Amino acid sequence: MVDSILSEIMLIGLLGIGSQWLSWRYRMPAIVVMAVAGLLAGPIGQVIQPEQDFGELYEPIISIAVAIILFEGSLNLDLKEIRGLGRPVLRIVTIGAFLSWLLGSLAAHYVAGLSWVVSFVIGGLFIVTGPTVILPLLRQSKLKPRPAKILKWEGIIADPIGALLAVFAFEFIVFFTNDAFDNSALLSFFLGAVFAIVLGLLLGKGIGWMFENGNVPEFLKSPVVFTVVIICFTVADELARETGLLSVTAMGMTLANSKIASIEDMRHFKENISLLLLSAIFVMLTASLDRSTLFQIFRPEIIGFVILMLFIVRPLSIFLSTINTELTKAEKLLVGWIAPRGIVALTVSSYFASVLLEEGFEDAAIVISLTFALVFFTVVAHGFSIGPLAKRLNLAVESRPGVLIAGSNRFTFALAACLKDLNVPVMITDSSWNRLRKPRRAGLPFHHGELLSEQTEYLLDITPYSYLIAATEFDAYNALVCTTFVPEFGRNNVFRISIEEEEVDHVKDLANTIGGRVLFSKNNSLEDVIDKIDNGYVFRKTNITEKYDYEQYTQKREADTVQLFALKPSDEITFFTDEGERSVENGDVIVSLSPPGKEIGQIREKLVKQRNNDTDSEDASKNRNEQE
């Protein structure tokens, strides 16, 4: 075991972020990697024991972290996003949640062998999916917009609803089974839930008003929101247990729909914080389990309950609740299968296990084991199956990473046509309908609109695209576009084409700070590559092999050739810049902008000479006429 709390915090952070990196590097579900890391460090390896070591601080840390994660997810719940999806989303979080509660409770009683009281309590709890598990899976799988939005909205809204249903079931059942139970307890629960919603709405409105009227400086906006989230959660939760999650969700949705100018900055900040918290908290929760809990999850009744929840309860509740909606059979099948449980289920179940045991329900002793079994098996099953199933149902975007191009001109048109020939998803965007004339006529994918507009988020799906190229005639605009989309694409996948051949030093420093990397070379500006296109330069594809490696290619290529990018066998694209070494290996395809062949060049020279001679003859004739 580690010797100090400080060392344990360091190890938790290392395991959490390390798991995120491993999942990104080897394309595995992050939640699965974090769960395994926590189990290895906790009950299996006995290296850390967070619950024991943190003592009384353990539960508050987990609770506040969950509140921040849920708030960050609710910041993305803009009502514009579900235009056309309001009906199925509403059905799923109401009728679907009720059916899932009822069917899950029956399964818990008849299969897991739990009493009716314990069954209805955990049945309500198990309707949650949550942003802690859904959002990482959506980032990994790249679903089409409709099923992705449904799963996201359900996960974020169902989290507080599930916790409230569990509390309601407990309060309601105890009310009717305990003669000494006071009527005021049930009433206080309902009043507490209403108060939590009102508190969230008021705090959201208040923060929005203060930000819009300049009452909070820019450098304090994120800290203020961070603090108010904790206040919102704590006040509501102290008055009525488990209503804090409902309150922060209401606050987040209020801010998301209040049209605050700085909402994007808050989203990015909270997203980074929530990713760090999610990584740490999931490791802490799994590391705090004991070995007896792990052994219990393989009991036949627990395995049977998990199988029923996976293959009967979830699909049936989704199919019944979405009858007569616009969802297709494929979308219903995918949404009916994907329902991983996460942090909220683990944290709230430990609370109810202790409360139910205090009330004399001895069968509640297996609630934590039952919850962990459902969490672990659903995370593994859904984490590894969402991608293949989405592809099988044709609900995933194209697997090849695509290129989003800002600015329509003769060069970007030719580049987009070349990428399309290589079966690389590509999209040209421009605010001018006239500049999009050539892409429209050629049948290239295009988007007419301002890329930096708020409406673009709802009108343009950027999920298929992993790279961004800003290639308009304005350097400042290109840098702004790159800076705006760095959080979505990553700093290494955002590029711009320089306007001038030689950038002055302060422009270079500014570009390194806010703009994307300069594409191709500093000696090839946008005007240069457009001139090359006008002069007959063509896109050439060269296969790099053992017999003809990259060194031979660089020696034999013509001096005026502009190396654009390398398409790798893995479908990844390496765009060439002046930064760092160019990673080209055997099997790559290099795409370059090369001078035309000799015969084509000679024809172009004759045409140019003829055009010049005609111009000279016209000028001479004009001069003679003027002299006469």
Side-chain angles (χ1 to χ4, degrees), residues 23 27-32 35 85 88-104 106-108 111 123 125-159 161-162 302-323 325-342 344-345 370-397 399 463:
S23 66
R27 298 182 179 180
M28 294 186 295
I31 298 295
V32 176
L85 293 176
V89 168
L90 182 62
R91 289 273 198 91
I92 289 172
V93 299
T94 53
I95 300 174
F98 177 78
L99 290 173
S100 180
W101 180 24
L102 180 62
L103 296 174
L106 293 174
V111 178
L125 176 61
F126 287 163
I127 73 168
V128 303
T129 53
T132 59
V133 283
I134 282 294
L135 297 183
L137 290 187
L138 295 181
R139 282 194 291 266
Q140 162 205 336
S141 59
K142 289 191 173 183
L143 295 181
K144 288 183 177 179
R146 277 168 58 99
K149 290 175 182 178
I150 290 172
L151 287 171
K152 182 179 78 172
W153 275 77
E154 181 205 5
I156 295 172
I157 295 177
D159 252 13
I161 290 178
I302 292 181
I303 296 295
F305 172 77
V306 171
I307 291 175
L308 272 180
M309 293 293 288
L310 281 170
F311 297 100
I312 302 296
V313 173
R314 170 67 178 185
L316 190 59
S317 62
I318 293 297
F319 272 88
L320 291 177
S321 63
T322 55
I323 292 174
T325 64
E326 58 270 29
L327 294 187
T328 64
K329 290 182 179 179
E331 289 170 336
K332 291 180 181 179
L333 183 61
L334 181 70
V335 174
W337 168 245
I338 302 300
R341 276 65 170 186
V344 172
L370 192 69
T371 305
F372 179 73
L374 186 63
V375 169
F376 186 78
F377 287 121
T378 55
V379 162
V380 172
H382 299 150
F384 284 104
S385 65
I386 185 171
L389 180 61
K391 291 178 182 177
R392 185 71 180 267
L393 296 173
N394 196 28
L395 294 176
V397 297
S399 57
T463 306

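Since we're looking at a predicted model, the values are computed, not measured.
- Side-chain atoms of Val313 and Leu316, non-hydrogen and from C-beta on, never get closer than 4.5 Å to each other.
- Rounding to the nearest 0.5 Å gives a distance of 10.0 Å between CD1 of Ile303 and CG of Leu370.
- Lys332 places no side-chain N or O within 3.5 Å of a backbone atom of Pro315 that could act as its donor or acceptor partner.
- Pro145 pairs by the side-chain contact (heavy atoms from CB on, under 4.5 Å) definition with Lys149, Asp461, not counting sequence neighbours.
- With sequence neighbours left out, the ring-ring contact (aromatic ring centres under 6.0 Å, His included) criterion links Phe384 to no other residue.
- Residues satisfying the side-chain hydrogen bond (donor to acceptor under 3.5 Å, both in side chains) test with Thr322, not counting sequence neighbours, are none.
- Taking the side chain as every heavy atom from C-beta outward, Val306 and Met309 never approach each other to under 4.5 Å.
- For residues 309-321, every residue pair satisfying the salt bridge (Lys or Arg N to Asp or Glu O under 4.0 Å) rule, not counting sequence neighbours, is listed here: Glu154-Arg314.
- Using a 4.5 Å heavy-atom cutoff, the side chains of Leu327 and Ile150 are in contact.
- In this structure, His382 contributes its side chain and Ile338 its backbone to no donor-acceptor pair below 3.5 Å.
- Using a distance-only test at 3.5 Å, with no hydrogens or angles considered, a donor-acceptor pair links the side chain of Arg341 to the main chain of Phe126.
- The minimum heavy-atom distance between Ala373 and Ile302, with the atom names listed, is CB-CG2, 3.6 Å.
- Side-chain contact between Glu326 and Glu331: absent, with no pair of heavy atoms (C-beta onward) separated by less than 4.5 Å.
- Closest approach of Ala330 to Leu393, counting heavy atoms only: O-CD1, 3.6 Å.
- To the nearest 0.5 angstrom, Ile307 atom CD1 is 10.5 Å from Ile312 atom CD1.
- In this structure Ala148 satisfies the side-chain contact (heavy atoms from CB on, under 4.5 Å) test together with Leu138, Leu143, sequence neighbours excluded.
- Atom CG of Leu103 sits about 8.0 Å away from atom CG of Leu320, to the nearest 0.5 Å.
- The environment of Phe319 atom CZ is dense: over 12 non-hydrogen atoms of other residues, nucleotides or ligands sit within 6.0 angstrom.
- Residue pairs satisfying the side-chain hydrogen bond (donor to acceptor under 3.5 Å, both in side chains) criterion with at least one member in residues 90-102, sequence neighbours excluded, are absent.
- Remark: Leu334 CG to Thr328 OG1 distance equals 9.5 Å, nearest 0.5 Å.
- With sequence neighbours left out, Ala381 forms a side-chain contact (heavy atoms from CB on, under 4.5 Å) with Trp337.
- When every heavy atom of Gly304 is checked against every heavy atom of Val111, the shortest pair comes out as C-CG1, 3.7 Å.
- Every residue meeting the side-chain contact (heavy atoms from CB on, under 4.5 Å) condition with Ala35, not counting sequence neighbours, appears here in chain and number order: Phe282, Thr286, Phe376.
- In terms of heavy-atom proximity, Ala345 sits nearest to Val375 at CB-CG2, 4.3 Å.
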